[in-house]
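Contents: one structure, followed by commentary.
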Amino acid sequence: MEHALDVTLTVNGTEARRRIAPRMHLIDFLREELGLTGSHVACEHGVCGACTVRVDGEIRRGCLTLAVQCDGRKVDTVEGLSDSGELRELQQAFHERNALQCGYCTPGMLLTALELVARRPQARREEIREYLSGNLCRCTGYQAIVDAIEQVLEARRA
Amino acid sequence: MRRPGAASGIIGREEEGRLKPSPFAYARAKSLAEALELAARPGAKVLAGGQSLVASLNLRLASPELLVDITGLKDLARIEVLKDKVRVGALVTHARIEHSPEVAKHLPLLAQAAPHIAHAAIRNAGTLGGSLAFADPAAEWPACCLALDASLVLVSPQGERRVPAEDFFKDLYTTALAPGEIVAAAEFPLPSSTARSAFAELVRRRGDYAIVGLAAHRNGAGLKLAFFGVGAVPVLAKHAAAAPDAEKAAAALDKDLDPPADLYHGAATKLHLAKVLLKRAWNTLSTSR
Amino acid sequence: MNDRTTLELLEKPEAPAKPRVDTGYVGQSVPRAGAKRLLQGRGCYVDDLRFPRLAHAAFFRSPYAHARIKRLDLKQALRSPGVIAVFDGRAIAEYCSPWTGVLAHLKGIKSPPQHAVAIERACWQGEAVAAVVAETRAQAEDAVAKVEAEWEELPVVTDMEEALAGRAVIHPELGDNVCFSRSHETPGFAEVFARADLVVEETYGMGRHTGVTLEARSILADYNAAEHSLTVYQATQAPHMMQDIFSRHLDIPEANVRVICRDVGGSYGIKVHVYPDEMATAALSVMLRRPVKFVADRLESFLTDIHAREHRARVRLACTRDGRILGFELDDLTAIGPYSVYPRTSGIEGNQVVNLTGGPYAHQAYRAKLNVVFTNKNVTCQYRAVGHPIAVALTEGIVDLAAAKLGLDPAEFRRRNLIPDDAYPYTFPSGIKFEKLSHHACLDKLLALMQYAKLRQEQQELRAKGVHRGIGLAAMIEVTNPSPAFYGVGGARISAQDGATVRLEPSGMVTCLASVTEQGQGAEAVFQQVCADAVGVSIDKVRVITGDTGTTPYGGGTWASRGAGIGGEAVLQAGKALRSNILDLAAAVLGADKATLEVRADAVCDKASGEARLPLAEVGRIGYFRPDTLPLKFQSELAVTRHYTPREYAFTFTNGIQASLVEVDTDTGFVKLLKHWCVEDCGTVINPMLVDEQIRGGVVQGLGAALLEECLYSAEGQLLNGSLADYLVPMTGDTPDIVVAHVATPTAQSELGAKGVGEAGTAGAPGAVMNAINDALAPFGARVTVQPFTPERILRALGKVR
């Protein structure tokens, strides 16, 4: 049978211990092992950003990260960041601006936007577009998303 | 990630779309010695950031038996400014290079190139060493290493050796790495105070693989023009670098480059675009500060 | 970034105004209640569902574009760890009957029957030839790799001209490779063209491309052997249609089939069709008597999600020397896959191109010829805006060419020819009828919004400096709210009517069940607004339920921009009827005259004074728990169902006009999209914020088609770019801000007056971009006519590259 390894990850503040095959990506681990289906699978080759989660404070593609590589690390997903309130400003702005339609790209967008807002507090529209350029949305025209993030940045700068 | 269809240009001819990797074993190395021992095993592949490797595993373009995770080797993750060179460890991420004050000060070409690499989430994880070992023909770091006259530090159970960048990139996804050898660092000679650099790449969408790219560095009398996306490996355009002006340099590219067509651009288009990039970069490289 | 004009600084988007309750919710930008769960990652897409004994399907797919299956050996696959079953096409055919994608109203259309899993022969690269079911998806994929097959390669037809010539016929029993052809000619056509002052001609090409839904096609089928019943959780736009199809093809009584749509991650028409692997998945559940899930991975999506829009069309326009259009001629050739897709057929897209060419312009003469041919590439069918992007691009392209030949400004040429705003109702040369359009009002608004004259001046000044900007216009008409004329008349069991049940709950809340479905565009939000206004409650009291054949009324679902116009009207009528029933009960309770009462702000109020007299929670309590206190013969009906079908017009046309501002780097051939505008008339706008971002999303899909997207096949029928790294979809860094404005001409066919709008953006964007690029290239005498407009095509047009 397949090799299996014991891993312990801290996901959304809670320790999760599992025995898994090394070939399982982090996104499948979160979805299948922990039932955290908020982060989504859409391409599995690192292009679309729907699987974007936070590992040790930095955004990563969940499909390009093996779960075993995250042994001993902290992982935050959209569910945890919603409950902790860290995403509240962005979620509110996204809601007001209708910066989502089908919602499939949204968790990835929010995680990326969260990092942008933290790392580039002076960002304007052009830089917002640049930072979000790895997150594919097929429903919106991206504009409402840029508007929402701009709104959060401007409110913070005020 | 690295382009799945690039090599053959064809997805699905042999493998009709499988996006879960085939099974493999995994070990996280706790020391360089352990890493080397594991990497020497048959069917072993070294795993750093995984942004290229995991993608190719997902697409079943690679089916290793064992992945050796070296990300725990903190000694390989340092940026060191030494007397006459800057040593960037193999595990330094693209994001760290992008934001490093030392790099910005001493190796501005790398700072100029970094934002072009894919997207933020990829840059957070992808590493210099991983990119160099993978040697994608459209990648930025291999060309930067050529332009900056870098040496790659390779380690094996037999010890350490240095290979100039010009000798490292051999063929498509093929480097001078011997089986079981690991990239430990890239060493960049400290440029003179009058050095100038230019970086440009042409992409249809921000963050894409370059259609054609140029990493250029003028250091004293020497000018290095490293083109990427123009063949199996990055190419130093030596005839063009010896030309007296932009027009003649562009014309000289006919002798330096013979780019194959890609999915969207014929060979003639690629060559034409390389010339345009060169002409645009020429002024930056010659104007004095 | 390029020079910012003052225009760009002025156009900074503003936050939408907060909704005002006193004037009602319809017309206001109310944020969607349904978005909250999606914002927290707490939605539920098919792949999120967990079931006991859930098994996973994967498919062994043909690596060849056309080959006979000589031998299929499933033994090794069957032994693979975790595998439950492996089946070939014959085994599945015993449970799932084949289908044929033809409809009676497309005269002469032909296609061979198609099976859920191919038997004997694969006709496109990626066609499923065996099915594997395992405990996990990864194990299923491992097993697929162990299927052994021997093939006999057959001649591959990939070129559309070759297909038409028919030297190699894909389906010999059909005689040729023509799926469908159509001709149309108005009387006296030849003479009009012979006598015209000017006839211009150009041939346009559009590359095949595809929808790329972020959530891939997903289905989870759960068969209950004890009841011979099937519940299917599917990311589909048309659950009732699928209920009928599962019932007929799996031989399960219709009432025993239930199709449920939870959250759907994007559709754009891709998820309204019948896919063999999805049918196979349902069959597998029946065969194995346990739930089976199939989610296409991204590579499979590129190989098997319907493609669309592969056309080569020669167009001619005849006009007078003072710029009046006399007529159009069209010769359109389009390549589909080896089967016409079921049940809507792959002939509709080409048919629409014939119907819509020349759409916005007054003219009498029209001749069209259409050939739809089979090839050994992936199947094609309706994708957002269907034939419109093609019809608009070639109409607007040839119009610009004529304007240029006459030395007329493109806006002025259009002004002379757009159907006047007072000319309605109007019958078009292709036979379609317009109720009322507003081309001129939209043109005026667009030119003012974009400051057209100023942009032209700026263009001149920049040209002198070697900066090449272009302005492109694209007027359009768009099919929305279709009647049964689209499919029903051809024999398809596709419903063009929809229903809504509106029910007062005991607590005073209102539940609205609607047959139109939600994939993120905001159908539920719009119904919530309409329902709240219709009944007289605040919006947070309304819950909308869609996507369940077991509970909602019967209807058509979402396609052809019909959700708001048709579904919304059903909700409106049901809501009004419920309001009336509430007032009946209240009148009985209060002993008052019904005519003096109204429902407002969650209570029955006195109409004259506004005083609240009976909270709806009381109406609910009495109606459901204390009917003994009501008059003896009085029966309260606190749930009402109404249906709506558009009848007067076969299609409710909308109109709009788009503009694109580009800058072409004439050294590299790269196009920078600086800005985009869309003035759209979709009648009553129920939620401006939702409508506008729908339009923008549609525009971006059109921009992708114009500049980036193409499914590339080799001559051997191999898909060359079937991944998101190689197939280029627009991202944030590649799209401009898009300014949207409206003119409103409500339809008189319904009380709500809403037309459709979901596809408008996609219809006009490629044409606008093409015209903008050609406008930029005009000083060089260069033109591009084949989409996508890649740097290489532009460099070739400029003569910079051979």
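By convention in this document, chain letters (A, B, ...) are assigned in the order of the sequence lines, proteins followed by strands, and residues within each chain are numbered from 1.
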> Judged by atom type as modelled, is there a donor-acceptor pair below 3.5 Å linking the side chain of Arg28(B) to the main-chain atoms of Val68(A)?
Replying inline: yes

> Would Arg206(B) and Glu126(A) pass as an ion pair if we require N to O under 4.0 Å?
Replying inline: yes

> Given a strict heavy-atom distance threshold of 4.5 Å, which part of Arg54(A) is in contact with chain B: side chain, backbone, both, or neither?
Replying inline: neither

>> Less than 4.5 Å apart, side chain to side chain, heavy atoms only: is that true for Leu57(B) and Arg23(A)?
In response: no

> Quick one: NZ on Lys20(B) to NE2 on His25(A), what's the gap to the nearest 0.5 Å?
Replying inline: 5.5 Å

> Which value, rounded to the nearest 0.5 Å, describes the distance between Leu5(A) atom CG and Tyr26(B) atom OH?
Replying inline: 8.0 Å

>> What I'd like to find out is whether the side chain of His45(A) reaches to under 4.5 Å of the side chain of Asn58(B), using heavy atoms alone.
In response: no

> If you look at every heavy atom in Phe24(B) and Pro22(A), which pair is closest and at what distance?
Replying inline: O-CG, 3.4 Å

> Any side-chain heavy atom of Asn124(B) sitting closer than 4.5 Å to one from Glu115(A)?
Replying inline: yes

> What do you reckon, is CZ of Arg157(A) surrounded by more than 12 foreign heavy atoms closer than 6.0 Å?
Replying inline: yes

> Any chance CZ of Arg119(A) has more than 12 other-residue heavy atoms, nucleotides or ligands included, within less than 6.0 Å?
Replying inline: yes

> What distance do Arg205(B) atom CZ and Leu136(A) atom CG have between them, rounded to the nearest 0.5 Å?
Replying inline: 7.5 Å

> Going from CZ on Arg123(B) to CD on Glu58(A), what distance comes out if it is rounded to the nearest 0.5 angstrom?
Replying inline: 11.5 Å

> Does a side-chain heavy-atom distance below 4.5 Å link Asp69(B) with Leu66(A)?
Replying inline: no

> Where along residues 71-82 of chain A does a heavy atom come under 4.5 Å of chain B, listed by residue number?
Replying inline: Asp71(A), Arg73(A)

> Heavy atoms under 4.5 Å from chain A: which residues of residues 41-49 of chain B carry them?
Replying inline: Leu47(B), Ala48(B), Gly49(B)

> So how far is it from His119(B) NE2 to Thr112(A) OG1, rounded to the nearest 0.5 Å?
Replying inline: 10.0 Å

> For Val54(B) and Thr65(A), which heavy atoms make the closest approach, and how far apart are they?
Replying inline: CG1-N, 4.4 Å

